[in-house]
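Have a look at the structure below before the remarks.
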Amino acid sequence: MPKLLSEQQVARFRDDGFVSGIGVLSPGEAADILQALEDWERRSGKVAREFLRGKAHLLLKILSDLTHHPRMVDAIEDVMGPDLLCIESGFFWKKARDPSYVTWHQDNSYLKLDPPVSLVTWVALTDSRADNGALRVIPGTHKLGALPFDMVDGENNMLRFSREVRGIDSAKAVTVELEPGEMSMHFNGVVHGSEPNTSDRSRVGWTVVCAPPHVRPGVEGFMSGTLLRGRNDGRIFADEPIPRFDFDPVAVEAYDRAMEGPTKIYKAK
């Protein structure tokens, strides 16, 4: 019996590779988090979408709390089981009239997890719609295995070292529209991307990459994870601390060490 999702939502995740419309925050809570981030930007002089990537849940307490939100973790457990790690986190943040986009890709082309079991949660802090660059998914492509891709670059490409899947029929894409506070989840093998923001509104989403502790990355380097639920024996992913406050030195040390491994591609320069 699922903890949060319906049986139909679990089945949709299995069949289509994604599920959406999961209520995690109220619109007011989503607005409060976004306001706190904008306040942090003003105080720090940093840009959240550039600085808060890779393992941002280790830096700000409000992001750690969001990553551990029980409704979010319940939904993940419904499709992935009781032992859960957060192995990456960050923002996909498009400002009004932002030309940034995300090429069609599969998440597992980066970490190459074996077995290829992980998912990404996407919590909307603003509305996310077709006109402001919402997530787009090609249903069922997670059943095709690892697809061939080309290494591409582009001035407005939000993915560094982007691995663009070849031969995608974008006519089959589904736009994942969300209200503030709603969440979607997609499997690491499903092909997805997003278009530029053509609206006068920002589109802000907080993403968390979750995996069970037994998966092995197919890339070299130190790996760590934050335990969200269950147990981690530490054989593959070292345990990460939960920050007690913003830029807790213990958590920052863990962040810096993690950024020496495969997640270093996200570190702000």
Side-chain angles (χ1 to χ4, degrees), residues 1-5 7 9-19 22 53-58 63-64 66-90 105-123 140-147 163 183-192 206-243 251 254-255 257-266:
M1 184 74 179
K3 289 188 172 182
L4 180 67
L5 302 182
E7 297 284 359
Q9 286 176 310
V10 172
R12 183 176 182 188
F13 183 83
R14 307 283 188 214
D15 292 341
D16 293 343
F18 76 100
V19 64
I22 304 164
R53 299 188 70 185
K55 296 253 187 193
H57 64 282
L58 295 176
L63 298 181
S64 176
L66 179 55
T67 300
H68 289 268
H69 196 290
R71 289 184 63 82
M72 185 176 82
V73 181
D74 281 350
I76 300 168
E77 183 176 344
D78 283 343
V79 297
M80 188 163 285
D83 298 327
L84 302 171
L85 293 178
C86 164
I87 58 176
E88 292 181 15
S89 66
H105 69 285
Q106 293 174 301
D107 290 331
N108 206 45
S109 65
Y110 290 86
L111 289 179
K112 299 179 172 60
L113 299 176
D114 181 25
V117 180
S118 72
L119 61 80
V120 176
T121 64
W122 208 103
V123 178
T141 45
H142 62 301
K143 299 177 181 178
L144 303 178
L147 298 172
R163 293 153 167 80
M183 181 179 80
S184 66
M185 301 191 302
H186 62 268
F187 190 68
N188 71 356
V190 79
V191 176
H192 60 288
W206 168 248
T207 65
V208 170
V209 181
C210 294
H214 67 271
V215 300
R216 291 186 175 274
V219 292
E220 294 184 358
F222 172 80
M223 290 293 291
S224 60
T226 293
L227 187 64
L228 300 181
R229 189 163 289 172
R231 296 185 297 174
N232 174 32
D233 61 17
R235 291 183 298 173
I236 302 172
F237 295 90
D239 282 319
E240 294 171 345
I242 298 175
Y255 171 86
R257 186 180 182 195
M259 286 298 167
E260 296 172 359
T263 51
K264 66 184 178 184
I265 64 173
Y266 300 112

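Starting from 1, each residue takes its place in the sequence as its number.
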Would you say that [X] contacts [Y] through its side chain, given a criterion of any heavy-atom pair below 4.5 Å between the two side chains?
X    : Y    : result
D15  : K143 : yes
S118 : V215 : no
W206 : T67  : yes
Q9   : D78  : no
M80  : P212 : yes
L85  : L227 : yes

Closest non-hydrogen atom pair between [X] and [Y], with its separation:
X    : Y    : value
F18  : H186 : CB-CB, 3.9 Å
L113 : P217 : CD2-CA, 3.8 Å
L58  : P241 : CD2-O, 3.4 Å
A238 : N232 : C-ND2, 4.4 Å

With no hydrogens and no angle check, is any side-chain donor or acceptor of [X] less than 3.5 Å from a backbone partner on [Y]?
X    : Y    : value
H105 : V191 : no
D114 : G218 : no
R14  : V79  : yes
H192 : V190 : yes
Q106 : R163 : no

Non-neighbouring partners of E88 that pass salt bridge (Lys or Arg N to Asp or Glu O under 4.0 Å), sequence neighbours left out: none
Who passes side-chain hydrogen bond (donor to acceptor under 3.5 Å, both in side chains) against [X], sequence neighbours left out?
X    : result
R235 : D233
H69  : none
D83  : none
S224 : E240

Atom pair [atom1]/[atom2] of [X] and [Y] - distance to nearest 0.5 Å:
X    : Y    : atom1 : atom2 : value
L5   : E77  : CG    : CD    : 10.5 Å
M72  : I22  : CE    : CD1   : 10.5 Å
D16  : F187 : CG    : CZ    : 13.5 Å
I76  : L119 : CD1   : CG    : 6.0 Å
I87  : L111 : CD1   : CG    : 5.0 Å
R257 : K55  : CZ    : NZ    : 11.5 Å

Short side-chain donor-acceptor distance under 3.5 Å, H57 and S89: yes
Set of side chain to side chain contact (heavy atoms under 4.5 Å, CB included) partners for R216, sequence neighbours left out: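 R216 satisfies side chain to side chain contact (heavy atoms under 4.5 Å, CB included) with I236 once adjacent residues are dropped.
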